[in-house]
There are 2 protein chains.
Amino acid sequence: MKKKTTIKDIANVLNISAAAVSKALHDDSRISDKTKKAVKQVAKNLNYQPNHLASALRSGKSNLVGVIVPRTNSNFFSSVIQNMEEVLNKAGYNIIITQSNESYKKECANIDTLLFTQVDGIIASMANETVDLSYYEKVKSKGIPLILFDRGENDLNVDYIGINDYNSSHMIVEHLVKQGCKRIAHIGGFKRTRIFNNRIRGYVDALEKYNLPQDPELLIESSLTTEDGREKMIELLALKNRPDAVYVAGDYAALGAFQVLNEQNIRMPEDIALVGFGNEAFTAMVSPTITSIEQHSSEIGQQAAKTFLKHVKKESFTQTLNKIILNAELIIRDSSKKQ
Amino acid sequence: MKKKTTIKDIANVLNISAAAVSKALHDDSRISDKTKKAVKQVAKNLNYQPNHLASALRSGKSNLVGVIVPRTNSNFFSSVIQNMEEVLNKAGYNIIITQSNESYKKECANIDTLLFTQVDGIIASMANETVDLSYYEKVKSKGIPLILFDRGENDLNVDYIGINDYNSSHMIVEHLVKQGCKRIAHIGGFKRTRIFNNRIRGYVDALEKYNLPQDPELLIESSLTTEDGREKMIELLALKNRPDAVYVAGDYAALGAFQVLNEQNIRMPEDIALVGFGNEAFTAMVSPTITSIEQHSSEIGQQAAKTFLKHVKKESFTQTLNKIILNAELIIRDSSKKQ
């Protein structure tokens, strides 16, 4: 790689100090016109490009917002980003996106990268693996606005925008009970992740509310990939006493479950009713269409951006926290609609 | 926003020069142990965080690769990024992603952002709108490795990784001819974008090869969004002499066409055979499944990363260009398979 021309290179050519070159380039009155002219000529000859980053270092402002998501190829995350970006662009900010692929190590590297690029704020949704919050604490301690969405963490005590996961599970169980389902299984996410924990609690409490027995073999933890959704569905089908409904905490895993049911000619919703979570576009494309939860990604993205902008406007960082919890919407489709 | 503590703040507290503070923090032998101790204590009290960016400015290396894609929520682009990222991570590089949303203005802002963040290289796929290449020329003139994939531009004379679009169209037309189709329409991308132009040329030449009449009303330019795919399909259905096959240059637009055909109870492939491009996951999920072109996104991502790494290893930037053109694969599914 060709080395970039630095102020030092110019200084070497003219046998003057780097500080003098810098002053000359900024038209400092302490430098003679003759030197200024010489410096500018050499800068031109060497194709010197003034470094915007250096000025960001001085001003402490980059007009960049860093985003961390588990992955970009999900309708939910890409829609959140899209909406966030529109609001931020209008306010003069650009965004840079990093993905954790659900890895804690990768998420830490992303935080380092974003801090390195001098972002004015970070908007993040945490990886499945993340338990240790010290990297996020580092962001906070630097006084950089940190806003979490969807996958947040109470202990961090930062702004958060998400949906009511607990209530969403209630809505789903209530819907399935109305369809006449009696053995409702839940392929849930990892309990240690707050949103998935809330979905599991909502499921358990709703079962109790509707006087349905809570069978431990019907509650399974999953990484919620399509592949894992397949495996967990196969496990459920191997049970002596099969469920008559399966609520999966993520649409990609629901798709895996859906594939297994189709392959084994198990009818949805007659034999097993299926409900996903996230309202990914494919849930409305497959046959039968899959009931799912709409998470209001556009609202989440806009609110996250607006929350960041609120921070920027304040002189001091001490203020009341924003905790925005949106109500989700159950989109009832063929996979669970018996009547 | 709380202002970050700078070296100058520490200098002010101790009434010494910023240069002395910097030297003290770097354990420079010219500074007394007493001053070093005082500087470090004040730095700690003020929660001073050394700036990694400053060291990147000095070394001219950030270990970051910037990525520009039209959008992240397509299987093709996200899979390219995923594979690119794996190779680059192993080599010690992190990536930051920006999206153009097919806007030229946004793409220019992205380039500025990436240059600002001192990336060591840029890997990009160009926006539909981009005609003026001066922003990309700027990247080249700075001596920063630039690698294009999928949506490239011959005039830029940089490394490029993509598939053989011209041949892909040939494969599609040949397949449709074998199914007995005689009036093959093409909903193509914008002619000014090289890959779409190549697909159009391939379509036209293949029609000639198979002695099919080339009817101008069967060749339509499109932005290739799902919405536009719908509109263009409706236009084709309004023709006095309807096509018996439609080849759409992108899967999202093919999905729009697919929806219209389903809504109007036009059977695929019996009434109209449908072929898309990109092998997006949904093409295998919908009913009927949609024939499409697999673009080898993983190979493209890996090759793009490897090409960047080749640049980094070379001392000089002058070298032969890499032009990697992969052969695509036609995945034949129900929407076009008559026999």
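In what follows, chains are A, B, ... by sequence order, proteins preceding strands, each numbered from 1.
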Heavy-atom contact with chain B under 4.5 Å, split by part of A:Ile7:
neither
Can you tell me which portion of B:Asn101 sits under 4.5 Å from chain A's heavy atoms? Options are side chain, backbone, both or neither.
side chain
Check whether B:Ile95 gets within reach of chain A through its side chain, its backbone, both or neither, counting any heavy atom under 4.5 Å.
backbone
Determine the minimum heavy-atom distance between A:Thr117 and B:Phe116, stating which atoms define it.
O-CE2, 4.0 Å
Can you find a pair of side-chain heavy atoms, one from [X] and one from [Y], that are under 4.5 Å apart?
| X | Y | answer |
| --- | --- | --- |
| B:Asn94 | A:Thr98 | no |
| A:Gln99 | B:Gln82 | yes |
| A:Lys106 | B:Asn89 | yes |

Determine the option with the most heavy-atom pairs under 4.5 angstrom with chain B, choosing from A:Leu64, A:Asn63, A:Leu114.
A:Leu64
Roughly how far, to the nearest 0.5 Å, is the CE atom of A:Met285 from the CG atom of B:Asn262?
12.0 Å
